[in-house]
Amino acid sequence: MSATMSGAKAEEDAGEGSSKDFLDWQVTKHEMKARGQHLLETGQWADCHFLLGAPSNQEIISGHKLILAMASPVFEAMFFGGLAEKSDPIPICDVQPEAFKALLEYIYMDRIQIQTVDKACELCYAAKKYMLPFVVKQCTKFLWADLQPSNVCRAYEFARLFDEHQLMMTCVEMICTKTMDVLQDPSFEEVEMSTIFTILDQEYLSVDSELSLYYAISRYAEKHAGEESRSRDIREALKRIRFLTLTPQQFAEGPGRSCLLTQTEAFAILMNISSPNSVCTMPEGFSTSRSTRIQNVVVESPSPQTIEESPARLLPGSSPLVDEMHDVRNMMDTQRHYCIRNFRHQTDYLNTSVLDCSVTFSVNRCICITGVQVPTQVLGESNMQRYHDGSLPERYSELLYAHLLDSRGSRLTYTHCTSKVRFDCMLEISFDRPVFIQRYKRYKIGIVFNKVGWYPMAECQPTKVCQDVTFTFGVGMPNESVRDGLIRAIVFAFTREGVSFT
């Protein structure tokens with residue numbers, strides 16, 4: 001009996017001891033992040049689990065619903081919303097385990113650790129998915145700080161995916177000014193074809209000749225031989241190479257011997273290189289440009305700290321524009337010019353809900369686009385019928401959206417305008433930031449009118465010369481310019497003296 005009671009007593013004491021040890025860990029944790037680290041590392045009190053990664057690389061990670069919901073509205077909806085997640089573990093196939101762990105480190109411990117561009121991209125994807133903007137910002141800062149030719153293409157693809165336009169511009173600048181380093185790095189063989197198209201669409205690149213581009217595409221094709229989808233894109237990339245800038249010897253000893261071109265194509269290209277007046281036409285779709293891409297200008301990019309610390313500048317009657325110091329890399333002068341389009345005649349057009357207008361254009365000089373001018377609604381009987389007392393007010397509320405796209409349809413900038421405006425006048429809309437425009441490339445400005453009423457639709461001339469800049473409107477496919485008569489002027493500035501791209 002005594003022995004039995006002793007055993008029971010020993011078990012009771014052991015139980016009390018283990019319970020005490022179980023509780024004592026809090027005593028040594030003086031900060032919330034230290035307590036969070038303990039819960040994250042031990043999984044103590046975990047009430048949810050996540051199955052991360054693809055089947056070949058899966059891992060189960062524990063979590064705490066309340067802590068996760070405190071940090072992310074997505075987790076809040078997942079655990080405490082009307083359609084709360086019931087399964088356990090919760091499968092998350094599109095986030096890598098290491099990226100998710102890094103996300104949890106921020107949530108539990110206020111710690112963000114990023115060592116590589118790949119990790120920054122993966123972590124940013126997870127942060128975007130779970131609506132953690134501070135983490136997104138830190139990932140972007142890391143990419144700014146670590147940008148170099150070996151990772152600039154990867155960073156560009158990240159910036160394009162997440163709509164980080166300033167980072168995209170910086171990446172393109174580095175690609176243009178350090179093209180040879182980018183092409184010769186092994187990482188180039190793993191970039192997306194859309195990135196290669198972006199490079200080949202640039203008007204200026206720091207290359208020895210088009211041979212550098214050709215040999216880079218050739219290596220890429222060899223690396224991805226047998227991939228049918230890529231082979232079609234590689235053919236499209238070849239067509240964008242400016243073979244006509246090569247000498248006959250350069251072409252004959254290089255691309256002319258390649259299996260990437262058919263004998264017929266190689267012969268036709270060589271004939272056109274040898275004689276501009278050759279009766280043999282260039283193969284269909286191949287570039288006919290004889291302009292070299294070589295550039296010597298180097299434009300320095302700002303740091304993210306410079307972008308954050310520079311004050312905003314207000315222009316009279318326009319939206320705020322960020323300071324020149326970080327707008328288009330300090331290339332823009334301060335004087336704005338107005339390319340006012342000439343028009344033949346004008347008719348009133350009734351907008352009943354949403355009126356979408358756009359015009360494609362190109363220029364013969366590199367400039368910075370800062371905004372656009374559009375007409376306001378017209379006075380007259382048409383609009384008066386909308387008011388019961390038969391008289392129009394002095395002003396009305398206008399609501400517009402404006403954007404600028406490049407030749408591939410990627411959005412370069414965007415803004416909206418809401419204000420009280422007068423009838424029968426011009427309204428200037430300033431973009432969120434000036435955009436550097438390359439010569440002879442196609443761009444598209446779009447405006448969306450959201451107010452019911454009558455607008456003065458004009459039929460405009462296809463070209464206009466302003467300050468020695470020739471604007472050509474309606475370039476490309478006819479259906480890309482819609483109701484372009486409502487876009488009356490393009491506001492622009494020149495690059496600063498001493499910075500020339502022509």
Open item on the list: Below 30° counts as parallel, above 60° as perpendicular, anything between as tilted: where do the rings of F286 and F243 land?
Closed with: tilted

Open item on the list: Using side chain to side chain contact (heavy atoms under 4.5 Å, CB included), reason through L400 and N450 one step at a time and then give a plain yes or no.
Closed with: CA-CA 6 Å; L400 301 173; N450 291 273; 5.8 Å; no

Task: K239, NZ: over 12 other non-hydrogen atoms inside 6.0 angstrom - done: yes

TODO: Count the heavy atoms of every other residue, nucleotide or ligand shown that sit under 6.0 Å from CE of M78, and state whether that count exceeds 12.
DONE: yes

Determine yes or no for a side-chain-to-main-chain donor-acceptor pair under 3.5 angstrom, with [X] supplying the side chain and [Y] the backbone.
X	Y	answer
T376	M426	no
R341	I487	yes
S358	G446	no
T140	V136	yes
Y443	Q438	yes
D356	V482	no
Y220	I196	no
K119	A99	no
S231	E228	yes
S287	S289	yes

- [ ] Check step by step if salt bridge (charged side-chain N to carboxylate O under 4.0 Å, His left out) holds for R232 and E227.
- [x] CA-CA 9 Å; R232 290 193 296 269; E227 300 179 28; over 6 Å; no

Result block: side-chain N/O donor-acceptor pairs under 3.5 angstrom for residues 147-155, not counting sequence neighbours:
| residue | atom | partner | partner atom | Å |
| --- | --- | --- | --- | --- |
| Q148 | NE2 | D146 | O | 3.4 |
| Q148 | NE2 | D146 | OD1 | 3.4 |
| N151 | OD1 | Q148 | N | 3.0 |
| N151 | ND2 | D146 | O | 3.0 |
| N151 | ND2 | D146 | OD2 | 3.4 |
| R154 | NE | D118 | OD1 | 2.9 |

To the nearest 0.5 angstrom, please state how far the [atom1] atom of [X] sits from the [atom2] atom of [Y].
X	Y	atom1	atom2	answer
Y108	L103	OH	CG	10.5 Å
S212	Q184	OG	CD	7.5 Å
I369	I445	CD1	CD1	5.5 Å
Y130	L68	OH	CG	9.5 Å
K223	E189	NZ	CD	5.5 Å
R240	E236	CZ	CD	5.0 Å

Open item on the list: Run the side chain to side chain donor-acceptor pair (under 3.5 Å) test against R219 and tell me which residues pass, sequence neighbours left out.
Closed with: none

Open item on the list: Using the side chain to side chain donor-acceptor pair (under 3.5 Å) criterion, which residues pair with R411? Sequence neighbours excluded.
Closed with: D163

If you define the side chain from C-beta out and look only at heavy atoms, does anything of [X] sit under 4.5 Å from [Y]?
X	Y	result
V191	E157	yes
I437	L404	yes
F473	C460	no
L412	L405	no
Y401	Y414	yes
K129	V74	no
L205	I199	yes
L238	I217	yes

Cut-off 3.5 Å, side chains only: do [X] and [Y] have a donor facing an acceptor?
X	Y	value
T198	Y156	yes
E210	T245	no
T472	T463	no
Y106	Q138	no
R293	Q202	no

Assess whether a salt bridge exists between [X] and [Y], defined as any Lys/Arg side-chain N lying under 4.0 Å from an Asp/Glu carboxylate O.
X	Y	result
R422	E398	no
R111	E105	yes
D406	K444	no

Open item on the list: The test is side chain to side chain contact (heavy atoms under 4.5 Å, CB included); show your working for I112 and L123 and say whether it passes.
Closed with: CA-CA 10 Å; I112 301 176; L123 177 57; 4.2 Å; yes

Which atom of [X] lies closest to which atom of [Y], heavy atoms considered:
X	Y	value
A493	Q335	CB-O, 3.5 Å
R488	P375	CG-CD, 3.7 Å
S209	L246	OG-CD2, 4.1 Å
V182	I175	CG2-CA, 4.3 Å
D424	V378	OD1-CA, 3.2 Å
A71	P73	O-CD, 4.2 Å

- [ ] Under the ring pair (Phe, Tyr, Trp, His ring centres under 6.0 Å) rule, what do H337 and F494 come out as? Steps first, then yes or no, please.
- [x] CA-CA 9 Å; H337 305 280; F494 289 108; 5.1 Å; yes

TODO: May I have the step-by-step check of ring pair (Phe, Tyr, Trp, His ring centres under 6.0 Å) for F471 and F492, ending in yes or no?
DONE: CA-CA 11 Å; F471 286 78; F492 68 98; 5.4 Å; yes

Task: Sole residue of R442, R365, R242, K441 in salt bridge (Lys or Arg N to Asp or Glu O under 4.0 Å) with E203 - done: R242

Open item on the list: Working note: C417 + L427, criterion side chain to side chain contact (heavy atoms under 4.5 Å, CB included); need CA distance, chi angles, decisive distance, verdict.
Closed with: CA-CA 10 Å; C417 173; L427 174 63; 4.2 Å; yes

Open item on the list: Checking I107 against L132 for the side chain to side chain contact (heavy atoms under 4.5 Å, CB included) test, could you report, in this order, the C-alpha distance in whole Å, the side-chain angles of both residues, the deciding distance, and whether it holds?
Closed with: CA-CA 9 Å; I107 293 175; L132 297 170; 4.2 Å; yes

- [ ] Dump the intermediate steps for salt bridge (charged side-chain N to carboxylate O under 4.0 Å, His left out) on R160 and E192, then the final yes or no.
- [x] CA-CA 12 Å; R160 184 179 58 197; E192 298 174 4; 2.9 Å; yes

